[in-house]
Amino acid sequence: MYSDQRTMSARGIPVDFDPRDLRPPARWELVRELRVLPERLALAAALPQLRRQAPRANGKAVMVVPGFATDDGWTEKLRSFLASIGYETTGWGLGRNRGNVPKLIPQVIDRLDEFSTRCDMPVRVIGWSLGGYLAREAARERPELVDRVVTLGSPVVGGPTYTASAPMYTRKGYDLDEIAASVLEREQQPIEVPVYALYSRTDGVVSWRASIDTFDNAHVEHYEVAASHLGMISSPRVYRLVAELLAKKHREV
């Protein structure tokens, strides 16, 4: 389900968005992630129709970057769907995403460089959760490699500060304030390629407000979906929208 555009302001930012309300999801909100079970069942039933109705890709290149603590196995269904409608797809090929952002950004860039060279075209990059942040940062540094980025429930504000993973990062000795400051510092260089940011107000893992980009990135557009965080890679609503956004013509800025 897409947002009612009458509730939106510039770039699809909800008019009721207030950054002062930023906070990590409460522990009880993780219960919302149980919705992934019916979402997966709905996806299985909807896939044949989605494949028939989705815009065809004609060999365009797509890389999918997994979220924190997950690997390419988690995104295999999404990549399989995209391959079935004509995309040349790949995972990130870096094993489990262990969340070391400074180390991972150059590795993602290397993978993009290899894939872009092999396909002889810029790559459409989809990133789930932390994977979306990595995709954004790779596009920021090497825009010539990237056609567009689609982020799925990705925290673009504060790093892990406003996610259910925040306590774990703290226990491991990470300074969340230092990470958040690093995120802000990187935003001094705007992202030059289109970014389509999907978020859900009922995300039980990442605060939806942390997925809203209010930085000086004029090419970012926001789309609200009704999905759990895990449903971002399991929901037919998300698959339908992702297919449309991968095929969308870039708007003029």
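- Here Asn217 pairs with Glu187, Asp213 under the side chain to side chain donor-acceptor pair (under 3.5 Å) rule; sequence neighbours left out.
- Between the side chain of Ser200 and the backbone N or O of Thr202, at least one donor-acceptor pair lies under 3.5 Å.
- With hydrogens and angles disregarded, a donor-acceptor distance shorter than 3.5 Å links the side chain of Thr170 to the backbone of Ala166.
- A side-chain donor-acceptor contact under 3.5 Å links Ser116 to the backbone of Met121.
- Counting heavy atoms of neighbouring residues, nucleotides and ligands inside a 6.0 Å radius, atom CG of Asp175 exceeds 12 of them.
- Partners of Glu29 according to the side chain to side chain donor-acceptor pair (under 3.5 Å) rule, which considers only residues two or more places apart in sequence or in another chain, are Arg23, Arg32.
- No donor-acceptor pair closer than 3.5 Å links the side chain of Arg186 to the backbone N or O of Arg140.
- To the nearest 0.5 angstrom, Asp18 atom CG is 12.5 Å from Ile212 atom CD1.
- By the 6.0 Å contact criterion, CD on Glu144 is enclosed, its count of non-hydrogen atoms from other residues, nucleotides or ligands being greater than 12.
- Distance alone, capped at 3.5 Å, places no donor-acceptor pair between the Arg124 side chain and the Arg148 backbone.
- A donor-acceptor pair under 3.5 Å links the side-chain atoms of Thr163 to the main chain of Ser165, judged by distance alone.
- In this structure, Val242 is not a member of the same hydrophobic cluster as Val193, with clusters built from ILVMFWY side-chain heavy atoms closer than 4.5 Å.
- Pairing each heavy atom of Leu104 with each of Gly99, the nearest pair is CD1-N, 4.0 Å.
- No chain of hydrophobic side-chain contacts below 4.5 Å, direct or via other Ile, Leu, Val, Met, Phe, Trp or Tyr residues, connects Tyr223 to Ile191.
- Within the structure, every pair that satisfies the ring pair (Phe, Tyr, Trp, His ring centres under 6.0 Å) test and touches residues 155-188, not counting sequence neighbours, is listed here: Phe68-Tyr169, Tyr169-Tyr174.
- Residue pairs that meet the side chain to side chain donor-acceptor pair (under 3.5 Å) test with at least one member in residues 50-78, sequence neighbours left out, are Arg51-Ser84, Thr75-Arg79.
- Val205 and Val156 are assigned to two separate hydrophobic clusters, defined by single-linkage of ILVMFWY side chains at heavy-atom distances under 4.5 Å.
- Residues passing the ring pair (Phe, Tyr, Trp, His ring centres under 6.0 Å) test with Tyr133, sequence neighbours excluded: none.
- Separation of atoms CD (Glu39) and OG (Ser228) is listed at 3.5 Å; rounding is to 0.5 Å.
- In Asp21, the CG atom is crowded: over 12 heavy atoms of neighbouring residues, nucleotides or ligands sit closer than 6.0 Å.
- Using a 4.5 Å heavy-atom cutoff, the side chains of Leu43 and Leu50 are in contact.
- Grouping the Ile, Leu, Val, Met, Phe, Trp and Tyr side chains by contacts below 4.5 angstrom, directly or via other members, places Ile233 with Leu246.
- By the 4.5 Å side-chain criterion applied to Ile, Leu, Val, Met, Phe, Trp and Tyr, Val31 is assigned to a cluster that also includes Leu34.
- Within the 3.5 Å criterion, the main-chain N or O of Val62 finds no donor-acceptor partner in the side chain of Thr89.
- Put simply, the residue from Leu145, Thr117, Val65, Thr90 that forms a side-chain contact (heavy atoms from CB on, under 4.5 Å) with Leu112 is Leu145.
- Side-chain N or O atoms of Glu33 include one that pairs as donor or acceptor with a backbone N or O of His229 at under 3.5 Å.
- Clustering ILVMFWY residues whenever any of their side-chain heavy atoms sit less than 4.5 angstrom apart, transitively, puts Leu94 in a cluster other than the one holding Val64.
- Judged by distance alone, with hydrogens and angles left aside, the side-chain atoms of Glu88 form no donor-acceptor pair with the main-chain N or O of Cys119 at under 3.5 Å.
- With values rounded to the nearest 0.5 angstrom, Leu198 atom CG is found 14.0 Å from Trp208 atom CH2.
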